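Only one structure is covered here, and it is reproduced in the block below.
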Amino acid sequence: MKYNPKFAEVGASLPGFSNLHPLTAQIEGGEPLAAGSLEAIWESERLLQEVTGMEAFTMQPMAGAQGELTGILLIAAYHRSKGNRKTKVIVPDSAHGTNPATATMAGYEVINIESRDGMVDPEALAAVLDDSVAALMMTCPNTLGLFERHLPEIVKLLRSVDALLYYDGANFNACMGRLRTGDVGFDVVHLNLHKTMGTPHGGGGPGSGPVGVSARLEPFLPGPRVVRHADGSFGLKHDLPQSIGQVAPFYGNFSMYLRALAYMLRCGGEGLARATTYAVLNANYMLARLRDHLHIPYDRICMHEFVASASPLGEYGVHALDLAKALLDKGYHAPTIYFPLIVKECLMFEPTETESRETLDRFCDDLIAIIERARVNPQAIQDAPLTLPVRRLDETRAARSMIVTEEKS
Ligand SMILES: *Cc1c(COP(=O)(O)O)cnc(C)c1O
């Protein structure tokens with residue numbers, strides 16, 4: 001997403017939702033007073049189950065990274081309950097950087113495996129697999145914007161040592177209506193609703209990183225959980241003896257996933273699939289337009305994003321950073337340039353489903369003009385940005401002598 005659709009904002013600010021005290025459902029006799037909100041949580045979980053094919057969801061995690069931690073804690077709880085002694089989590093080098101950080105925070109040793117041809121390599125995976133492996137964390141589409149080709153083989157390998165499969169689905173806007181993680185055999189998936197459903201990434205607001213699980217992990221989900229009683233009324237269930245406990249205050253970022261709920265209801269299954277189609281089509285269109293102007297290290301059909309490299313401009317002394325700064329002058333948000341680590345001088349382009357052919361063309365034209373200028377007048381690009389209130393910042397000084405308080409005026 002690049003935009004906040006208005007209908008989702010309106011839905012989330014309905015007074016019945018926004019004026020309700022968050023403890024209402026927890027006071028005696030309060031559940032009926034919070035019936036609408038409880039139903040919204042229940043319905044959000046149910047729709048996400050349908051989108052992903054998972055058995056159950058928790059809406060509590062408030063960001064992708066927190067969803068990951070929740071997921072890995074669920075996996076740890078599962079292994080503990082079975083008496084499994086597991087100490088390692090495998091993370092491919094094409095995974096998102098939060099994955100190894102998460103596994104480390106949860107107390108696991110991280111085993112890195114190298115990708116081959118941009119893909120998780122089943123042979124490299126098999127070489128490090130043994131009974132001490134708790135899980136594999138897989139980002140799909142991976143950070144190169146590529147779909148992992150060997151999923152069935154990978155699932156089979158992990159199953160052979162009772163290791164679980166974690167799917168980093170932060171970029172599920174490349175998969176909706178096309179792939180369900182539950183159908184492929186994954187045990188845990190987190191989604192970034194603030195990238196995929198009704199709110200943009202880095203939009204300045206809070207996030208929502210709900211986690212879906214397979215049936216065997218359901219008993220460990222965070223509580224309290226919203227339940228629907230036989231008579232159709234909604235309530236909270238606190239008696240969850242195997243739960244890993246609460247991972248967020250109240251029910252997570254409620255108003256964020258209300259926006260996602262509005263988005264899902266408005267789009268329907270078909271609309272979500274169409275959003276995915278456009279996200280993927282737009283990225284491939286841009287890739288085709290930029291292919292002859294930058295280096296494309298993994299040049300094939302991409303998913304919702306692709307990674308290019310500014311390495312051909314090295315001989316002019318122009319780097320990815322310079323192109324990113326020059327784009328600011330033209331009024332664009334700069335692409336990610338320090339990630340993924342496996343591509344030098346990388347530029348990651350993710351146009352999203354909401355751009356039109358015209359805006360995609362305008363961006364490509366402007367970027368191509370910058371690249372051509374870099375060849376004849378590198379200095380002009382190295383000096384960018386020229387039109388912003390601040391030019392290039394001294395990033396080292398900014399990090400070393402950080403000023404985090406404001407002068408009293
Ligand atoms: C954005 C992202 C994350 C982290 O999500 P946050 O909400 O920023 O914590 C994790 N994995 C992938 C693949 C992502 O794109």
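No hydrogens, no waters, no symmetry mates; every other heavy atom, side chains included, goes into these values. Atoms within a ligand are numbered from 1 in the order they appear, just like the ligands themselves. The structure displayed is predicted, hence computed values, not measured ones.
With hydrogens and angles left out, the side-chain atoms of Asn253 and Ser208 include no donor and acceptor closer than 3.5 Å.
Shortest contact from atom 3 (C) of ligand 1 to any protein heavy atom: His96 CE1, 3.5 Å. Protein heavy atom at the shortest distance from atom 11 (N) of ligand 1 is Asp168 OD2, 2.7 Å. Regarding atom 2 (C) of ligand 1, its nearest protein heavy-atom neighbour is Lys195 NZ, 2.5 Å. At the shortest separation from atom 5 (O) of ligand 1 among protein heavy atoms lies Asn192 ND2, 3.0 Å. Protein heavy atom nearest atom 9 (O) of ligand 1, with residue, atom name and distance: Ala65 N, 2.8 Å. Given atom 6 (P) of ligand 1, the protein heavy atom at minimum distance is Gly64 N, 3.5 Å.
Set against the non-hydrogen atoms of Ala170, the atoms of ligand 1 under 4.0 Å away are 2 (C), 11 (N), 12 (C), 13 (C), 14 (C), 15 (O). The atoms of ligand 1 that sit less than 4.0 Å from any heavy atom of Asn171 are 13 (C), 15 (O). Ligand-side atoms of ligand 1 in range of Thr98: 10 (C), 11 (N), range being under 4.0 angstrom from any heavy atom. Against a heavy-atom cut-off of under 4.0 Å, Ala63 is close to the following atoms of ligand 1: 7 (O), 9 (O).
Annotation: His190 places no N or O atom under 3.5 Å from an N or O atom of ligand 1; distance criterion only. The shortest N or O to N or O distance between Thr139 and ligand 1 is not below 3.5 Å.
Taking only non-hydrogen atoms, the option from His194, Met62, Gln66, Glu68 nearest to atom 10 (C) of ligand 1 is Glu68.
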Between Met286 and Glu355, does the side-chain contact (heavy atoms from CB on, under 4.5 Å) criterion hold? Intermediate values first, please.
CA-CA 11 Å; Met286 271 179 74; Glu355 296 301 331; over 6 Å; no
Determine, stepwise, if the pair Glu218 / Arg225 fulfils salt bridge (Lys or Arg N to Asp or Glu O under 4.0 Å).
CA-CA 11 Å; Glu218 188 173 352; Arg225 298 196 59 203; 3.3 Å; yes
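Residues Ser115 and Ser94 share a closest heavy-atom pair of CB-OG, 4.2 Å.
A tilted orientation is assigned to the rings of Phe306 and Phe349, their planes being inclined by 30° to 60°. Ring-plane geometry between Phe7 and Tyr263 is classed as parallel, the angle between the planes falling under 30 degrees on a 0 to 90 degree scale with a further cut at 60.
In this structure, Asn4 contributes its side chain and Thr199 its backbone to no donor-acceptor pair below 3.5 Å.
In this structure, atom 15 (O) of ligand 1 has a protein heavy-atom contact shorter than 4.0 Å.
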